[in-house]
Protein chains: 2
Amino acid sequence: MAIRPAEQLIHKAAWLYYAHGLRQDQVASQLNISRASVAMYLRKARETGIVNISTSTQLFTDDVLARKLEDVLSLDAVWIAPENDHIADPSTEIAVLAASVFLELVKKGDRIGVAWGRTVYMIADVMSYADLQDVTVVQLCGNLGAPYSYRPDQCTMEIARRLNAKGLNFYAPLVLSTEELARALRAEPVIREQLSGVSECDLALYSVGAVDADSHLVKCGALTPSEMADLRSQGAAGVIAGQIIDAEGKVLDCSYNRRVISAELASLRAIARRLVVVQEDSKFEPLLAAIAGGLCTHLVVGAHMAQRLLDHAAATIEKAS
Amino acid sequence: MAIRPAEQLIHKAAWLYYAHGLRQDQVASQLNISRASVAMYLRKARETGIVNISTSTQLFTDDVLARKLEDVLSLDAVWIAPENDHIADPSTEIAVLAASVFLELVKKGDRIGVAWGRTVYMIADVMSYADLQDVTVVQLCGNLGAPYSYRPDQCTMEIARRLNAKGLNFYAPLVLSTEELARALRAEPVIREQLSGVSECDLALYSVGAVDADSHLVKCGALTPSEMADLRSQGAAGVIAGQIIDAEGKVLDCSYNRRVISAELASLRAIARRLVVVQEDSKFEPLLAAIAGGLCTHLVVGAHMAQRLLDHAAATIEKAS
DNA sequence: TGCCCAGTTTGACTTTTGTCGAGAGCCGTG
DNA sequence: CACGGCTCTCGACAAAAGTCAAACTGGGCA
């Protein structure tokens with residue numbers, strides 16, 4: 001009985017413990033193993049998603065602020081992570097909340113589009129394991145060759161791993177050196193298929209990038225700081241799935257965008273649930289752009305950002321009237 | 001701060017403990033309360049479904065036997081509760097499994113039809129709490145006035161309570177004394193509406209009753225033992241949602257059925273997922289009838305029953321060839 | 001006002017659970 | 001066939017969680 005402790009035993013232990021409510025020693029005697037082993041199995045069961053512990057995120061939508069934001073920005077749902085009191089690290093708080101919200105939004109059989117970035121990777125990192133075998137996680141945009149730690153494929157694969165789902169990477173560079181090459185590559189059947197499959201997603205997860213020298217696009221060499229500054233003066237307001245958008249949330253008409261291999265914004269908008277998570281307060285304008293462009297239906301932000309959004313909306317309405 | 005500890009605190013405690021993985025004493029100090037209170041809050045959180053602990057029921061479908069049954073009976077999914085070894089009470093085991101399976105099948109926004117009986121009530125009784133606010137549980141058949149403990153409305157309400165969902169009872173007797181009255185009552189707008197709403201359900205939960213003197217219908221006075229025996233000789237093979245069905249799973253043409261207020265079998269068949277749970281080995285024939293009538297897409301049974309079903313199917317095929 | 005009640009909170013205690021290092025079986029390899 | 005390397009397992013200890021009766025709280029009521 002020392003061969004292959006196997007899923008089987010883990011399952012049984014988890015079943016007896018969590019579903020029947022037995023104590024670990026009772027489980028141990030039923031299964032003829034030591035209690036220590038049971039404890040270990042149970043940990044594994046939790047880690048692999050055989051048991052699922054999830055907490056309602058309702059607390060964060062019950063907030064009046066969240067409700068107001070939903071109304072004023074016409075979003076389906078908003079979650080606000082508290083930042084006021086002795087919270088050690090608000091950005092972690094946001095990531096943890098976003099991970100829970102994400103898991104709550106996923107349904108069996110879903111196809112999920114995932115973009116990339118520090119925020120997305122942080123969410124993946126704190127996401128608890130689940131066992132969603134008939135779920136597919138697809139990468140929304142091309143890869144960056146640069147030795148950068150939040151690569152699009154890493155984000156996709158990590159989330160797929162956590163969910164025990166199928167991961168669908170796509171191996172094209174995010175940005176090419178000429179528009180021609182980008183066009184040609186987009187026409188490739190493999191790539192075209194992947195791109196057209198995006199609109200069949202049921203759920204999307206992304207953050208939004210800022211248009212400044214700290215942007216990921218600059219850090220990993222897709223754009224130089226001066227190019228970025230140029231784009232900014234041309235009206236660039238944010239970055240979504242590797243593409244530059246203007247203040248209205250439309251793709252900016254520029255060479256860079258034409259050289260990018262990524263899901264079209266129209267495809268993104270075709271996804272029913274679009275979860276946008278923003279950690280940094282500095283991403284206020286990019287977020288406004290994303291919302292303006294209808295790229296967001298579900299939003300997770302910190303309390304401070306939420307307040308800014310609400311104030312801004314109020315000011316806009318006042319000005320209009 | 002002693003006023004209304006409220007959901008708020010429970011939510012926060014649950015969040016810090018389960019989502020952030022803090023220890024109870026850390027949660028206690030964050031929230032400025034004693035660890036004992038935290039422990040109590042966490043229990044409440046579990047009881048009210050603010051946190052959800054669920055275990056994958058895959059173990060029970062992985063069974064080869066389950067796979068074979070799915071094939072041979074053309075069912076969508078089969079779960080088999082083990083009965084072989086030192087399991088104390090196989091019927092409880094089946095109920096616990098059925099409850100887990102049920103919870104796994106429920107999706108947000110679902111409308112769920114629930115019938116009645118000892119089995120259904122047992123399932124409700126062991127079902128863990130969940131917080132599915134946009135779920136509606138509807139009663140599939142009329143009530144029994146008799147002082148019987150597994151009344152249809154009780155089954156419905158208990159499941160709704162566990163799920164924190166809306167319960168939709170319907171207050172008509174299950175069986176009337178004359179066909180005329182039954183017809184008249186069925187024509188009542190309130191009742192008609194409820195009955196026609198059944199086919200809009202996404203999920204149904206019921207067991208199947210035996211046609212003998214031990215049947216609930218006899219025990220609660222809807223039928224006398226001799227009437228039951230009569231029906232049996234007329235071809236009655238089982239009871240579904242208070243109605244007598246024949247071996248082919250069709251409604252038996254008899255006075256009793258015409259006097260019953262319950263969801264029509266056609267409405268039941270219109271429900272995409274029909275979870276049938278059978279505990280007693282004696283319900284072999286009724287179950288066969290239900291399956292024959294297409295009243296079952298998802299099945300939970302004990303190992304012994306599963307084997308009988310498979311043997312029977314094998315024999316039938318052999319005979320046919 | 002003073003008293004009682006229902007529900008909360010707490011400290012102290014017990015029980016349950018997590019973890020560690022050591023030991024045992026298995027396997028491929030030299 | 002003996003040897004490490006590997007993983008699984010166990011016993012014992014430390015840490016964490018559950019429990020209970022007693023104290024407390026604020027609000028309703030005579």
Side-chain angles (χ1 to χ4, degrees), chain A residues 1-56 59 62 85-86 88 96 126 128-131 161-162 164, chain B residues 1-56 58-59 62 85-86 88 96 126 128-131 161 164:
Chain A
M1 78 183 167
I3 322 158
R4 287 259 71 189
E7 299 273 288
Q8 198 76 350
L9 260 187
I10 300 182
H11 257 107
K12 278 195 184 174
W15 178 251
L16 292 171
Y17 187 75
Y18 287 105
H20 280 263
L22 298 187
R23 273 184 276 106
Q24 292 190 356
D25 51 0
Q26 297 178 296
V27 175
S29 68
Q30 276 248 352
L31 267 45
N32 279 336
I33 50 177
S34 78
R35 226 207 60 262
S37 298
V38 173
M40 198 203 53
Y41 287 163
L42 293 179
R43 183 161 41 74
K44 278 197 180 169
R46 284 187 299 260
E47 280 171 1
T48 54
I50 288 171
V51 317
N52 234 309
I53 302 185
S54 63
T55 70
S56 156
L59 173 62
D62 273 359
D85 30 19
H86 32 65
V96 172
V126 297
S128 60
Y129 290 80
D131 192 14
R161 192 175 74 82
R162 299 276 174 151
N164 200 4
Chain B
M1 76 183 167
I3 322 158
R4 290 258 69 191
E7 299 275 286
Q8 197 75 350
L9 260 187
I10 300 182
H11 257 106
K12 278 195 184 173
W15 178 250
L16 292 171
Y17 187 75
Y18 287 106
H20 279 262
L22 298 187
R23 275 185 277 105
Q24 291 191 354
D25 51 1
Q26 296 178 296
V27 175
S29 69
Q30 276 250 352
L31 267 45
N32 277 336
I33 51 178
S34 77
R35 222 204 62 263
S37 297
V38 173
M40 199 205 53
Y41 288 162
L42 293 179
R43 183 161 38 75
K44 279 197 180 170
R46 284 186 300 261
E47 280 170 1
T48 54
I50 289 171
V51 318
N52 234 312
I53 302 186
S54 63
T55 70
S56 157
Q58 202 164 273
L59 174 60
D62 272 1
D85 30 18
H86 33 65
V96 171
V126 297
S128 59
Y129 291 81
D131 192 15
R161 193 174 74 82
N164 199 5

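Quick note on labels: first sequence line is chain A, next is B, and so on, each numbered from 1.
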Problem set entry | Beyond-backbone contact of B:L16 with B:L31, side-chain heavy atoms, under 4.5 angstrom |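 Contact flag for B:L16/B:L31 side chains = yes.
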Exercise. Under a 4.5 Å cut-off applied to non-hydrogen side-chain atoms, are A:Y18 and A:L42 in contact?
Worked result: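 Yes; the side chains approach each other to less than 4.5 Å.
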Exercise. Does a donor on one side chain and an acceptor on the other come within less than 3.5 Å for A:Y41 and A:R46?
Worked result: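 The criterion, which ignores hydrogens and geometry beyond distance, is not satisfied for A:R46 and A:Y41.
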For this session: Verify whether one side chain among A:R161 and A:Y129 offers a donor that lies under 3.5 Å from an acceptor in the other.
Result: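 Judged by distance alone, the side chains do pair up.
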Phosphate oxygens OP1/OP2 of [N]: is one of them under 4.0 Å from a side-chain N or O of [X]?
| X | N | answer |
| --- | --- | --- |
| B:R46 | D:dG18 | yes |
| A:S34 | D:dT9 | no |
| B:K44 | C:dT8 | yes |
| B:R35 | C:dT9 | no |
| A:Y17 | C:dT17 | yes |

Exercise. Is it true that a side-chain atom of A:T48 and a backbone atom of A:K44 form a donor plus acceptor pair closer than 3.5 Å?
Worked result: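 Yes, because the side chain of A:T48 sits within donor-acceptor range (under 3.5 Å) of the backbone of A:K44.
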Mind calculating the distance between [atom1] ([X]) and [atom2] ([N]) to the nearest angstrom?
| X | N | atom1 | atom2 | answer |
| --- | --- | --- | --- | --- |
| B:L16 | D:dA17 | CG | C1' | 17 Å |
| B:L9 | C:dG7 | CG | C1' | 15 Å |
| B:Y41 | D:dA17 | OH | P | 17 Å |
| A:Q24 | C:dT19 | CD | C1' | 12 Å |
| A:D25 | C:dT17 | CG | P | 7 Å |
| B:L31 | C:dT10 | CG | P | 11 Å |
| B:L42 | D:dA17 | CG | P | 9 Å |
| B:I33 | C:dT8 | CD1 | P | 13 Å |

For this session: Measure from the side chain of A:S37, starting at C-beta and using heavy atoms only, and say which of C:dG11, D:dA17, D:dT9 lies closest.
Result: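 Of all the options, the side chain of A:S37 is nearest to D:dT9.
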